[in-house]
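Counting from 1, the numbers follow the sequence of the chain as shown. In what follows, every heavy atom counts, from backbone to side chain, and hydrogens, waters and symmetry copies are set aside.
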Amino acid sequence: MERLIDGERRLRREYSAAFKASVLAQTREPGASVAGVALSHGLHPNMVHRWLREQRLSREQDALREPAFVALY
């Protein structure tokens, strides 16, 4: 689920891609709220919103990498 990294100041949690995907999938369920899902996993809602934003940006970048069809007349 998470891994703690010891830094100079405080510990930082790292979550696996599978855990993030699971949390994000739960936010897409009918009637689910991002805050409710986040709190049920002990996360701050801002963290889940950030993961959603990162996922959206990643999908947009992937779409830009795909070759587009350009008709030549």
**Prompt:** Rounded to the nearest 0.5 Å, how far apart are CE of Met47 and CZ of Arg13?
**Reply:** 8.5 Å
**Distance, nearest 0.5 Å, that separates CD of Gln26 from NE2 of His41** = 3.5 Å
**Complete:** Tightest non-hydrogen contact, residues Ala38 and Pro45, listed as CB-CA, 3.7 Å
**Complete:** From the list Asn46, Leu43, Thr27, side-chain contact (heavy atoms from CB on, under 4.5 Å) partner of Trp51 resolves to Leu43
**Message:** I'd like to know if the side chain of Ser40 and the backbone of Val37 have a donor-acceptor N/O pair within less than 3.5 Å.
**Reply:** yes
**Asked** Say you draw a straight line from CD of Glu14 to NZ of Lys20; how long is it, rounded to the nearest 0.5 Å?
**Response** 8.0 Å
